[in-house]
Amino acid sequence: MAKVRKVVIPVAGMGTRFLPVTKVVPKELLPIGTRPTLQIVIEEAAAAGLEEVVLVTSADKPAIEDFFRTDTVYDKKLSALGKEKNLSSLYDLIEKIKITTAFQENPKGLGHAIHCAKKAVGNEPFIVILPDVLIESQLPCCKQLIDAFEKTGCAVNATEHTPGSQLHLYGIYDIERSEGLFHYARGVVEKPAADEAPSDLSVVGRYLFPADIFDIIENTPPGKGGEIQLADAMNTLAKAGRMIAYEYEGRQFDTGDPAGFLEANIFYGYKEFGTRLDDFLKAATRTHSK
């Protein structure tokens, strides 16, 4: 079985839910504390032992590539001031994992974005991380998927149980059979009504695919809005009995939603600032409850 070495991260989106700030700042560089979400998910990939990141980006977002450069004017000025240690976490990450780019000229759906990485990935299995989704876990979620893949040889996608009131917000797995945390899927139903959902297991933004997903995407016709949907390609894998929804250990934060972004900042803020943030939030709650 081929080793899983690479991770694809689509970052070409326009981030319209965060306008006006995303007019000039890529959504993926919005901070959780002092680290952008993109850095945090790449840290997860590095901690899982992955060797290379392929960022599927847009020519309209040069700041993403600049963020991972070490030779910018800013870097040089910081070094001249003797303050380069303030970027040590980023520099250490760049040393640990290779970061390359592929370009998506026009947004044509998530499936299309993943396909843009075909040349960079080559003929080997790979992980996909959606950078909106942060996952706090003991063992990196990417490593959990790799371990599951090595046991089964199937495409492995993260899943979790989801309240009925939220099922309409996510893709939901149709499950054929379950073996503990391994749920063999018949397919994915996109954002069903609660009474039409085939299960309560939702699609989470971590996927591990075999290399032939690229061929499957190429043969997947455009769906809603003329876009090439990743879910349609996943359904092809599922029909062949080759897709598992794996119940990962951890907690996810959807930072692509403004409220979820604030929740992630509060959660990670507690980890960093503890009592100081706790006292502030208690005071703020008292103020707003009056």
Could you tell me whether the side chains of [X] and [Y] share a donor-acceptor contact shorter than 3.5 Å?
X      : Y      : result
Asp75  : Thr72  : yes
Glu160 : Gln252 : yes
His115 : Glu218 : yes

Original post:
Are Phe253 and Phe261 close enough that their ring centers fall under 6.0 Å?
Top reply: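 Aromatic pair excluded; centres sit 6.0 Å or further apart.
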Original post:
Can the ring centroids of Tyr268 and Phe273 be said to lie less than 6.0 angstrom from one another?
Top reply: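 No: the rings miss the under 6.0 Å criterion.
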Original post:
Which residue, Glu124, Glu51, Glu150, forms the side-chain hydrogen bond (donor to acceptor under 3.5 Å, both in side chains) with Lys3?
Top reply: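 With Lys3 as partner, side-chain hydrogen bond (donor to acceptor under 3.5 Å, both in side chains) holds for just one option, Glu51.
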Backbone N or O of [Y] within a donor-acceptor pair of the [X] side chain at under 3.5 Å?
X      : Y      : answer
Asp232 : Ile217 : no
Asn219 : Asp215 : yes
Thr101 : Thr57  : no
Arg17  : Gly256 : yes

Over all atoms of both residues, closest heavy-atom pair of [X] and [Y]:
X      : Y      : answer
Leu139 : Gln144 : O-NE2, 2.8 Å
Phe18  : Thr255 : CZ-O, 3.2 Å
Leu201 : Glu247 : CD2-CG, 4.3 Å

Charged N to carboxylate O under 4.0 angstrom, [X] versus [Y]?
X      : Y      : value
Glu44  : Lys143 : no
Lys151 : Asp147 : no
Glu43  : Arg35  : yes
Lys282 : Asp278 : yes

Original post:
Is Phe267 reachable from Leu38 through a run of hydrophobic residues whose side-chain heavy atoms are each under 4.5 Å from the next?
Top reply: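 Yes, because Leu38 and Phe267 connect within a single hydrophobic cluster, where side-chain heavy atoms sit under 4.5 Å apart.
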Original post:
For Arg186, which of Asp174, Asn235, Ile175 qualifies under side chain to side chain contact (heavy atoms under 4.5 Å, CB included)?
Top reply: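 Of Asp174, Asn235, Ile175, side chain to side chain contact (heavy atoms under 4.5 Å, CB included) with Arg186 is met by Asp174 alone.
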